[in-house]
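On a predicted model such as this, the values are computed, not experimentally measured, just so you know. We use all heavy atoms of the structure for the numbers below, so side chains are in, but hydrogens, waters and symmetry mates are not. Below, chains carry the letters A, B, ... as their sequence lines are ordered, and counting in each starts from 1.
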Amino acid sequence: MKWSVMMFEGWTRGLLGLVVAGALLLTGCKESEPEADLVFIEAAAHRTLDPQSMSWNHDIRIASTVFEPLVRMDFVKGDVEPAAAASWAVSEDGLTYTFSLREGIRWSNGDPVLASDFVFAWRRALLPDTAAQYAELMYCIEGAADFYAWRTEQVGAYAEAGAATEEAAQRSLEEAFARFEEVVGVRAVDEVTLEVRLERPTPYFLQMVGFATFLPVHPASVVADTRLNAETGFWKTETSYWSDPTRLVSNGPFTIEKRVFKQYLRLRKNPMYWDAGRIRLNSILEKIVEDPGTGFMMYHQGEADLSFGIPSQGTLATELLASDRGDVHSMVAAGTYFYNFNCLPTRPDGSVNPLADVRVRRALSMAIDREQLVSRVNRVGQPVARSFVPPGAVPGYEPPVESGVVYDPSAARELLKEAGYEGGEGLDGLSILYNTGGGHEDVAIAVKSMWERELGVVVTTEGVEVRTFGDRVRKQDYSIARAAWFGDYVDPTTWLDKHRSTNGNNDAKWNSAAFDALLDEAALIRDPAERFAKLAEAEALHNYEQPIAPVYHYVTIYLFDPEKVKGVSLNTWARWRFDRMWVERDR
Amino acid sequence: MIRLILLRLLQMPLILTVILLVTFTLAWVVPGNPLERPEGQRPPPEVQEAMKRQYNLHSPTAFLTSYVKNVTVGSEQYGWPDFGPSLRYTDQRVSDIIGQALPVSAALGVAALGVALFLGTLAGVVGALRPNSWLDMASLGVALIGVSLPNFVTGSILLIVFAGLLEWFPVGGWGSPQQVVLPAIALGFFPAAYVARLVRLGLADVMSSDFVRTARAKGLSHFAALFRHALKVAYLPVLSFMGPAAASVMTGSFVIEKVFAIPGMGDYFVNAVLNKDQFLILGVVLTYATLLVLFNLVVDVAYAWVDPRIEL
């Protein structure tokens, strides 16, 4: 009998074989991970676990669980508390901070944590080679901005010289290290003392020290995986180092036991951690589930104790908030949703830009019915925004909401008339640019119809893919663009500095010497209340000029049963302390 | 036949080169800077330029030359084949990503193919045995639904009913055989419907052909004629369909992976393009193309075995 006939006579056997092959493949799959003391769902895969390179909250959440900064911010109380540093002293002029490390603190491999380890990590962040997203946070340190600029120039010159050899790259790196020691105000006085000299008094410096960019890394293991690129002169850590728990050495309350990309991350209590005795969780399992519906169902079926994965857009969030479930927690986030107005005097085609006129910007902003947006479009109870800094985000700072724009269509029409665009006449070519997905289209359509209805201004909406969106905003190829900004540290400047005329993230290209001067003046004030008052003055000017139209402040939704998951500290900044949590499963 | 198989394998580098060139060109002209991140501070231009140079993103020829070298010969540091780093997920190399995602998609794909062949053949045979009966109508109806429904609908319905309401299966994730059942059915439903239609149509034709009539005239039962003679001929179009279908299900489905939280290739296939992650785009496309070529070859070989009149 021919093989072909045999094959088809036994077609059922063939199918069975396929199923068996599938089963065999499946048996090759790993077994389900054993349960951990705390299981939580995260809605996004980690982009990086390199503290110096990260910028996303979910990355920072893990980094600050795995690494210990000098001091930690208590985001509920708004206080700074000792962490790797047992104490610190600030000089009378507010320029020198001296940190004393805790005695006997160790890395997860048993090495002592030294003051020089912090110097190493901070230097790493200030080397443009690392492309740290938040190197600028370190610019308050003496010489830091100069060093960054100098190394940037050096890298540029290296590329231009075209003499790319390993020796040349090595020379340039050694020169950079020497330069760092010479100009940057960070030094290890001894093994346990770190001295930091600031460029100017920075009242929020301690709060920034708790941010991911300032976290220490273990020099020996990082160096072992760091290479010089002869062609660019860059000194870069291998991409895979941060994924490999066998190589990654950390000093935080937990260590990474296993990481399977886009699937899960298993953390284990770090026995070397100075406060390990107080930590009640021995293991944590982070499941990465990108689909919010699936994430919710997994939580609902008891496959997780905590979920960070509910986006505030969409019906799921609305339904959850409308329910009387005791495990749904909504928290105002330290972030603002807004519209950027392109404030440049001319448009890309060379014509006069009507949005350069403050009256036009104010009129457009006044015609946005924010209450209607949050109640009918978004529907998850976001507070409407009248200021850029979210009220309550910074303890002690009251954003000047009274100077913010309110919904007033008739005043808006008057302003527009005054600007020479009565009934929207002559105000053409405006469009709202947004990136597709995330509910931005709904908001854009609603705002467009408000402007048309109230002001007679015809606006188009343009939804583009996120990269194109980013590209066009950077190139100022837009008139009005949706945007959002989340604070990084607990100070109003984390928002207000964005609109300094020189800031690289000033997408509106608003250029106000008066605003810059007020921020500069505030930077010199030592008294916190007085300083906040000056910053509020700056924000009031910002409110009047409306380079952006603030729309609402974000809300974040978390799921957990407070009877079961204990020690959770809900806070505006979405920073969680796993080392303080525990789970009571039997209740 | 061995000679012909070897010849086809030798053609493979040429096919892959063409696919690489086309994909590279498309990926290169897509607007946006792959190194730029929407959040955080932007590095100064000199740094951006050096970063581009580091990944050879400053020039298409430099990129292509180094890429082809690293993939074919290997790089000094990472050996062979080095598909480069992911520009989006900066802790990961493309080889590692594919190494983790492909086995997941392959396992799911094999299970989905099993579902497709089993359900499809069953429905097709039932339809052919009892044409225009209620069973035939029902299987045609199900096949029609299978072909018409997008798999995110099928997947969501399965998830809500069998995982959410009845709680027979886990909601999502990957690692245990139970977690494969629902996504395999969701992924296999479309090819199953297609197979059912092909089998039914094929059997209807073959059952009225001379050789089946002869077999029946010799006293062979209807059932035996169908299974022993007709089905293998009716299966030929199914075989041609299975090549690309196998490659398609094995490289994953973006939607099914999202719905069931499965870490397979489909997600990378879509998101790499959205993120303009050049290395990942090329790595995933080359993997997909290799599978497609190999599966088509397997199908052609099987075809020739089944029907010796067909020459490779």
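At a 4.5 Å heavy-atom cutoff, the contact between A:E303 and chain B is made by side-chain atoms alone. Contacts between A:R227 and chain B at a heavy-atom distance below 4.5 Å involve the side chain alone, from C-beta outward. Looking at B:I97, only its side chain comes within 4.5 Å of chain A, counting heavy atoms on both sides. When heavy atoms are compared at a cutoff of 4.5 Å, B:P45 does not approach chain A at all. Contact of A:K498 with chain B is not made at all, since no heavy-atom distance falls under 4.5 Å.
In this structure, A:E231 and B:Q54 have side chains that are not in contact, with every pair of non-hydrogen atoms separated by 4.5 Å or more. Inter-residue side-chain proximity for B:Y89 and A:H46 is flagged as unmet; no heavy-atom pair is nearer than 4.5 Å. At least one side-chain heavy atom of B:M51 sits less than 4.5 Å from a side-chain heavy atom of A:F234.
Among A:K287, A:H300, A:E238, the residue making the largest number of heavy-atom pairs under 4.5 Å with chain B is A:E238. Ranked by heavy-atom pairs shorter than 4.5 Å toward chain B, the options A:Y241, A:Y158, A:F261 are led by A:F261. Chosen from B:A163, B:G109, B:G173, B:A184, the residue pairing most often with chain A at heavy-atom distances under 4.5 Å is B:A163. Interface check for chain B: of the options A:G293, A:P128, A:G233, A:G470, the most heavy-atom pairs under 4.5 Å are formed by A:P128. The choice from A:Q301, A:E465, A:E153 that makes the most heavy-atom pairs within less than 4.5 Å of chain B is A:Q301.
Within a 6.0 Å radius of NZ in B:K52, no more than 12 heavy atoms belonging to other residues, nucleotides or ligands are found.
Under a 4.0 Å N-O distance rule, the pair A:R259/B:D91 qualifies as a salt bridge.
Atom-to-atom distance recorded for B:N271:CG and A:E290:CD is 7.0 Å, nearest 0.5 angstrom. Note that the CZ atom of B:R53 and the CG atom of A:N229 stand 10.5 Å from one another [nearest 0.5 Å]. Atom CG of residue B:D267 and atom NZ of residue A:K262 lie 3.5 Å apart, to the nearest 0.5 angstrom. Here the straight-line distance linking atom OG1 of A:T48 with atom CZ of B:R88 works out to 12.5 Å at 0.5 Å rounding. For the atom pair CD (B:Q100) and OG (A:S243), the distance works out to 8.5 Å, reported to the nearest 0.5 Å. Atom CG of A:D244 and atom CG of B:D96 lie 10.0 Å apart (nearest 0.5 Å).
Taking the side-chain contact (heavy atoms from CB on, under 4.5 Å) definition, one finds that B:P263 meets it with A:Q263, B:V104, B:W174, sequence neighbours left out. Scored by the side-chain contact (heavy atoms from CB on, under 4.5 Å) test, B:F152 finds B:P150, B:V255 as partners (sequence neighbours excluded).
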Checklist entry - Should A:S240 and B:Q92 be marked as a side-chain contact (heavy atoms from CB on, under 4.5 Å) after you check the CA-CA gap, both sets of side-chain angles, and the distance that decides it? => result CA-CA 6 Å; A:S240 51; B:Q92 308 292 324; over 6 Å; no

Checklist entry - Which is it for B:K258 and A:T294 under the side-chain contact (heavy atoms from CB on, under 4.5 Å) test, yes or no, and what are the steps along the way? => result CA-CA 8 Å; B:K258 279 271 177 220; A:T294 309; over 6 Å; no

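Summarising the geometry of B:P85 relative to A:T239, their closest heavy-atom pair is CB-CG2, 4.3 Å, with the distance given to 0.1 Å.
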